[in-house]
Number of protein chains: 2
Amino acid sequence: MRADAQRNRDRIVEVARALFRVKGFEAVSMDEVAKAAEVGPGTLYRHFPTKESLYDAVLEAWAEKVNAAVSQALTLDAPARERLLSWLTDYASMLTEHKGAAARITAALGDPGSPFAAKCQTYLGANQRVIEALDSALRPGVDAMQISRLVGGVAVVVDSSELPSDAAASMLAVVADGLIAS
Amino acid sequence: MRADAQRNRDRIVEVARALFRVKGFEAVSMDEVAKAAEVGPGTLYRHFPTKESLYDAVLEAWAEKVNAAVSQALTLDAPARERLLSWLTDYASMLTEHKGAAARITAALGDPGSPFAAKCQTYLGANQRVIEALDSALRPGVDAMQISRLVGGVAVVVDSSELPSDAAASMLAVVADGLIAS
DNA sequence: TTGCAAAACGGAGAGTGTCTCCGTATAGTT
DNA sequence: AACTATACGGAGACACTCTCCGTTTTGCAA
């Protein structure tokens, strides 16, 4: 890749990140991103063939953050419920960091063709670590996909209604209590 | 209202209902509805100023269905958990009857200006009946809005990923167990 | 340093969707 | 039958995603 192309690509991602974070994916047009990045529309689409692939690039590398959150939750000296809740809270928090991301990523669960497939896999792997660590403390039949769907559902609602964190916390508490074996 | 206008309005709603149900709100254009109903675009917009208001007309009267589902759940001769789960299952089922409705109605919770405000109020009222009937069997602090958000979150995921009913059922079981006092 | 070729560029325009507005047609009443 | 208010259809405005082609620029070899 030429130096000018790399510069343009980086600039596009940086500009799009700022716009998407504040206004959300839907409310920002590709033309708006192109103008703000001072590139032509053709340039923007050459680097990112669809709006969705731009969004994937904008959302930062997740693997490190996800693994750090899981490790932190699992090293807590606390009952299984508290460790699970710590992970679910971080998970939902990451999903709601950018307006609209929760719905997109959650809808991509189970779809290998989605630009977000790698991110979904990261989450499923993290859930699997939690399941293995908490083992018989969890209700029978819990799997990684189910956790992602439950947390994703909560995050979508929190995001679309712009709920405060105490509302999110009480919803996640219900989910955690449902997942813990009775 | 003139007879021809009433006929056109009914026809538009009928045609839109069929299209939205199968393909979902986003995938059907207003032009497609107009053509299928054999009216001009101006006529369609005169009857329904926005696509959203057409959708609201399409979704059938909910009050009867909602109240019937709550009454059925509350007359079950069963433990509180089973009665709650019966209501949550019907609630989610109604939300997922039309593709895309779950996200719209759930996002409208708490927004009095939304075309779906009346539908949200119906659900909140129903939840309140359930809370009052089940009373101390529920965890402390549960309110009608929280139930709607939790069930709405599940329904959004079920709808957007087109999950089978057993996947929905196991998610709702987690939510119900979380809502029941431990 | 110069020349060349491949990579990268910008932006006009195609295609699609929501919505508006104005000349024309029709229903309902007298 | 005449008249008027209501209702109509569809061309076009506006906005968005995306494509394609003539022009420019970068990077490498001589």
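Letters go in sequence order (proteins before strands), and every chain restarts at 1.
- Within the 4.5 Å cutoff, the side chain of B:Y123 has no heavy atoms near those of the B:I147 side chain.
- The side-chain heavy atoms of B:K99 and B:E26, taken from C-beta on, include no pair separated by under 4.5 Å.
- Cluster membership check: B:M145 does not share its hydrophobic cluster with B:V151, using side-chain heavy-atom separations under 4.5 Å among Ile, Leu, Val, Met, Phe, Trp and Tyr.
- Taking the nucleotide of DNA chain C with the nearest heavy atom to each of A:L44 and B:R46, the more 5' of the two is matched to A:L44.
- For the atom pair CZ (B:R11) and CG (B:D4), the distance works out to 14.0 Å, reported to the nearest 0.5 Å.
- A:K35 places its NZ atom 10 Å from the C1' atom of C:dG11, with the value rounded to the nearest Å.
- Residue contacts for A:E32: at a heavy-atom cut-off of 4.0 Å it reaches no nucleic acid atom on any strand shown.
- Considering only heavy atoms from C-beta on, A:V157 comes within 4.5 Å of A:L163 through its side chain.
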What N/O pairs connect the protein and nucleotides 14-16 of chain D at under 3.5 Å? Give each pair on its own line.
none

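- Using a 4.0 Å cutoff on non-hydrogen atoms, the parts of residues 2-14 of chain A near DNA chain D are A:R2, A:A3, A:D4, ordered by number.
- A heavy-atom distance below 4.5 Å is found between the side chains of A:V13 and A:F48.
- B:S71 has its side chain within reach of B:R129: a pair of non-hydrogen atoms, C-beta onward, lies under 4.5 Å apart.
- Following rounding to the nearest Å, B:Y45 (OH) and D:dG10 (P) show an atom-to-atom distance of 16 Å.
- Proximity of A:H47 to the phosphate of C:dC9: a side-chain N or O atom is located under 4.0 Å from OP1 or OP2.
- Proximity of B:Q146 to A:M171: side-chain heavy atoms (C-beta onward) are separated by under 4.5 Å at one or more points.
- In this structure, A:E38 atom CD and C:dG11 atom P are separated by 12 Å, rounded to whole Å.
- Remark: C1' of C:dT18 and OH of B:Y55 are 17 Å apart, rounded to the nearest angstrom.
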